[in-house]
There are 2 protein chains.
Amino acid sequence: MNQLESYISGYFGISNDSLSQVASMFEEESLSKGDYYVKAGRYCHKLSFLKSGYLRIFRQKEEKEITQWISGPDYFVTDLSTLIFQQTARWDIQALTDCQLYTLSNEAYKEMNRVVPDWPKLEKLFIAKCFLTLEDRVFSFLSMTAEERYNVLFEMNSDIFNQVPLLYLASMLGMTPETLSRIRKKALG
Amino acid sequence: MNQLESYISGYFGISNDSLSQVASMFEEESLSKGDYYVKAGRYCHKLSFLKSGYLRIFRQKEEKEITQWISGPDYFVTDLSTLIFQQTARWDIQALTDCQLYTLSNEAYKEMNRVVPDWPKLEKLFIAKCFLTLEDRVFSFLSMTAEERYNVLFEMNSDIFNQVPLLYLASMLGMTPETLSRIRKKALG
DNA sequence: GCACTGCCTTGATGTAGATCAAGAATAGAA
DNA sequence: TTCTATTCTTGATCTACATCAAGGCAGTGC
């Protein structure tokens, strides 16, 4: 059982025979550092599981690039409005490092409904979980200081600080690189 | 066709005969100002459509009540982790005004799978839409000032400022009541 | 009517975090 | 290696917003 299968198994709890069938519908893909997974305004009819590497989800806003999220190993990646609503992508998604992906093409994605009987239900659960995560994230902006947000991220995922440039993490945390630098000095020093 | 039916129709685009059947599974319910729809830690196996009135979704955090969201007429309300994952509620939900609801009980909610064949798919779409809204909300905290966030809310839903106490709106916008007061003074002349 | 309660406003002051600017460190490329 | 481009740090300053404190105005009950 590979990384993807064990994730799907653990997450969706589906039977073993459909598991390998599902996993086989994903195709390996790789991105080099700097490559785009998708660009805002284009279409991105695919869903990917990140085997290794880091992707940055961001959007341009008046000269600035705002990093909405950074995705690492063992996470799914997609632009939801494209995948679900067949609209153009809302986000730029770019590889911060070389990346290995398992990708479900649009055709394969549609096939899922046939192969996995309760696929819409599994999708629903998956998206609902993402929703809850975002709820917590909104709450963190409503109720925490920059330093507290840093601490939460660091405790949850300290690896990321060694893998991706801090300026993107700062943006994702809603602070400037200078502030993050000072917070880290205080926290690590 | 009542308010709920026209909403469901517009939103889910289901056939007319199943439409009335779906709508009939909701039961009317009312809350008085101050009543709780659900309390954090309890269970809330229900989904409601807000016919009239305003509900505040909030959570206690160190002496403070942080308002995550305020729901008004024509919106659905629930605590997702309870409805979908059968866990205890993550939020307190309280009526800010007297409220009229159409409520789908847990049993009726389960029935939906039988009555509406592609209910999980509709649910998926619904939750996905909520997810996109939350994404935008996170982005607003990453990229906008308090004043800009106020302007966006005001342009999108100015009614709300006449219907609910400003201190809750301030909290939901991530600022203090004093700051909101000053921003409004400036904005309204 | 008056008192009480809840909410909003206004002013004075404090501070977290932004901005600006200059180096230092690190990573890539030739 | 050396050159260049990023990224990270540090200090000085600024500002958006928070906090603290007082007063004003409803709305509600007696």
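The figures that follow rest on heavy atoms only: side chains count, while hydrogens, waters and symmetry mates do not. As the structure is a computational prediction, the values presented were derived from the model and not from experiment.
Residues meeting the side chain to side chain donor-acceptor pair (under 3.5 Å) test with T103(A), sequence neighbours left out: E29(A), S48(A).
Here the P atom of nucleotide dG6(C) and the CD atom of E65(B) are 13 Å apart, to the nearest Å. Atom P of nucleotide dT6(D) and atom OH of Y168(A) are separated by 10 Å, given to the nearest angstrom. The distance between atom NZ of K186(A) and atom P of dT10(D), rounded to the nearest whole Å, is 15 Å. When rounded to the nearest whole Å, the span between NZ of K33(A) and P of dT6(D) equals 11 Å. Rounded to whole Å, atom C1' of dG17(C) lies 14 Å from atom CD of E148(A). The separation between L166(B) atom CG and dA26(D) atom P is 14 Å, rounded to whole Å. Rounding to whole angstrom units, CD of residue Q94(A) and P of dT6(D) are separated by 12 Å.
Scanning residues 153-165 of chain A for heavy-atom distances under 4.0 Å to DNA chain D yields P165(A).
A donor-acceptor distance shorter than 3.5 angstrom exists from the side chain of T82(B) to the backbone of A89(B), with no hydrogens or angles considered. The backbone N or O of R137(A) sits less than 3.5 Å from a side-chain atom of S140(A), completing a donor-acceptor pair. Judged purely by atom type and a 3.5 angstrom limit, D35(A) has no side-chain atom pairing as donor or acceptor with the backbone of A95(A). Looking at S6(A), its side chain does come within 3.5 Å of a backbone N or O of Q3(A) through a donor-acceptor pair. In terms of modelled atom types and a separation under 3.5 Å, the side chain of T133(A) and the main chain of K129(A) share a donor-acceptor contact.
Between F139(B) and W91(A), the ring center distance clears the sub-6.0 Å criterion. Residues F126(B) and F76(B) place their aromatic rings such that the two centres sit under 6.0 Å apart. Here Y102(A) and F26(A) keep their ring centres 6.0 angstrom or further from each other.
With dT9(D), dT9(C), dC8(D) as the choices, the nucleotide that has an atom nearest any side-chain atom of R184(B) turns out to be dT9(C).
Look at K185(A) and you won't find any side-chain N or O under 4.0 angstrom from OP1 or OP2 of dT9(D).
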Counting primed atoms plus P, OP1 and OP2 as sugar-phosphate and everything else as base, spell out the protein contacts along nucleotides 16-23 of chain D at 4.0 Å heavy-atom distance: B, S or - for each nucleotide, 5' to 3'. -SSBBB--
